[in-house]
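To start, the structure itself, in structure tokens.
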Amino acid sequence: MASYGQTILPGAGRIIQCDACVREGAEWLAAQDSRFADALKLTGPLPLRRKPDGFAELLSAIVSQQVSVASAKAIWNRMKAARLTGPRKILWATDEELRAAGLSRQKIRYARALAEARIDFKALRDVPDAEVIARLVEVPGIGVWTAEIYAMFSLGRADVFAHGDLALQEAARMLFDLPARPRDRELRQMAEDWSPWRSVAARILWAYYRVAKDREGIR
């Protein structure tokens, strides 16, 4: 197995920083289970999908909830144009200004709660995965899925998996030829075998889901 100079932080564990890290994880998973190797033949190289960390990334996630990708992008662009992407700006803004940018009453409440939480985002980089998720879900409007996605892609955690993600559940059903889509608990148990590269396993399953659905003609 090749090694690509991975980064392991004392508190946070293994960090995915570049495409080589993703490749290392994919090679490890393919060696552990031939079905991952089969999936990778279909998907090709996996995306890195690293994102910035911090307040704006979580605020963007709140904006994106329960709206289309196009609508979320339009609202976020209006918020950026109005300079409403920082915690102080959110706290100083009136409800009218936030509504004008496209936020609903509920999302205004969530945005203000996130600003008032005063999360130390820099400190989150160095704490264990479970602590990251526990800290984030304390904020109204941030559920477990959002916290897991933040840990995976904004913090680069290599061993986090979004067990409640419907696309991951369906991809696991197809790839592992299961009689039904695994629920959260069942998928969590399956994913234990994919540690310490569960975030890369998720990347494989998401990529496989897109390929499989395209081949079936489903959008």
Side-chain angles (χ1 to χ4, degrees), residues 7-18 21-22 47-165 167-168 198-199 202-203 206:
T7 296
I8 299 178
L9 300 181
R14 193 185 309 263
I15 303 298
I16 293 175
Q17 294 183 309
C18 61
C21 299
V22 176
L48 176 60
R49 296 183 68 169
R50 277 302 302 264
K51 296 181 178 181
D53 67 334
F55 179 87
E57 194 63 32
L58 281 175
L59 180 61
S60 176
I62 289 172
V63 167
S64 300
Q65 292 173 358
Q66 298 180 324
V67 298
S68 68
V69 173
S71 294
K73 184 177 180 179
I75 294 169
W76 188 244
N77 284 339
R78 288 199 295 272
M79 292 186 70
K80 288 195 294 185
R83 298 183 179 179
L84 293 173
T85 59
R88 285 181 293 181
K89 295 289 188 178
I90 293 295
L91 292 176
W92 294 340
T94 65
D95 286 358
E96 289 73 21
E97 288 172 326
L98 294 172
R99 278 197 294 269
L103 293 188
S104 65
R105 180 180 301 178
Q106 183 180 58
K107 289 185 179 180
I108 290 173
R109 181 169 68 85
Y110 291 163
R112 294 197 190 284
L114 178 61
E116 291 167 355
R118 302 185 184 278
I119 296 171
D120 186 341
F121 290 101
K122 186 175 181 179
L124 283 186
R125 299 172 186 173
D126 300 318
V127 302
D129 301 335
E131 188 174 336
V132 170
I133 294 167
R135 178 68 184 92
L136 294 181
V137 300
E138 290 176 349
V139 181
I142 298 179
V144 173
W145 183 88
T146 298
E148 289 168 339
I149 295 299
Y150 183 87
M152 291 168 71
F153 299 120
S154 290
L155 297 180
R157 301 302 175 88
D159 203 28
V160 174
F161 192 90
H163 310 89
D165 187 280
L168 291 181
R198 281 177 281 194
S199 290
R203 285 169 169 84
W206 273 316

Using atom types as modelled and distance alone, determine if a side-chain donor or acceptor of [X] lies under 3.5 Å from a backbone N or O of [Y].
X: S199; Y: R157; result: yes
X: E97; Y: T94; result: yes
X: Y110; Y: V63; result: no
X: S64; Y: S60; result: yes
X: R112; Y: I90; result: yes

How close do [X] and [Y] get, counting heavy atoms only, and between which atoms?
X: I149; Y: A162; result: CD1-CB, 4.4 Å
X: V137; Y: A147; result: CG1-CB, 3.9 Å
X: P87; Y: A115; result: O-CB, 3.6 Å
X: A202; Y: M152; result: CB-CE, 3.6 Å
X: A101; Y: L84; result: CB-CD1, 4.3 Å
X: G102; Y: R78; result: CA-NH2, 3.7 Å

(message) Suppose we screen for salt bridge (charged side-chain N to carboxylate O under 4.0 Å, His left out). Which residues come up paired with D165, at least two apart in sequence or across chains?
(response) none

(message) Under the rule for salt bridge (charged side-chain N to carboxylate O under 4.0 Å, His left out), what residues qualify as partners of R50, not counting sequence neighbours?
(response) none

(request) Could you tell me whether E96 atom CD has more than 12 heavy atoms of other residues or ligands within 6.0 Å of it? (result) yes

(request) Verify the neighbour count for atom CH2 of W145: are there more than 12 heavy atoms of other residues, nucleotides or ligands below 6.0 Å? (result) no

(request) Determine whether L58 and L136 make a side-chain contact, defined as any pair of heavy atoms from C-beta on separated by less than 4.5 Å. (result) yes

(request) Please examine the side chains of L103 and M79, heavy atoms only from C-beta on, and report whether any two atoms are closer than 4.5 Å. (result) yes

Enter the distance from [X]:[atom1] to [Y]:[atom2] here, rounded to the nearest 0.5 Å.
X: K107; Y: L59; atom1: NZ; atom2: CG; value: 10.5 Å
X: I16; Y: F153; atom1: CD1; atom2: CZ; value: 8.0 Å
X: I62; Y: T146; atom1: CD1; atom2: OG1; value: 8.0 Å
X: L114; Y: L91; atom1: CG; atom2: CG; value: 9.5 Å
X: L48; Y: R203; atom1: CG; atom2: CZ; value: 6.5 Å
X: Q66; Y: S71; atom1: CD; atom2: OG; value: 12.5 Å

(request) Apply ring-ring contact (aromatic ring centres under 6.0 Å, His included) to F161 and list each qualifying residue two or more places apart in sequence or on a separate chain. (result) H163, W194

(message) Between D120 and R135, does the salt bridge (charged side-chain N to carboxylate O under 4.0 Å, His left out) criterion hold? Intermediate values first, please.
(response) CA-CA 10 Å; D120 186 341; R135 178 68 184 92; over 6 Å; no

(request) Please lay out, stage by stage, how I108 and R99 fare under the test side chain to side chain contact (heavy atoms under 4.5 Å, CB included). (result) CA-CA 8 Å; I108 290 173; R99 278 197 294 269; 3.5 Å; yes

(message) Classify the ring geometry of F121 against F55: parallel below 30°, tilted from 30° to 60°, perpendicular beyond 60°.
(response) perpendicular

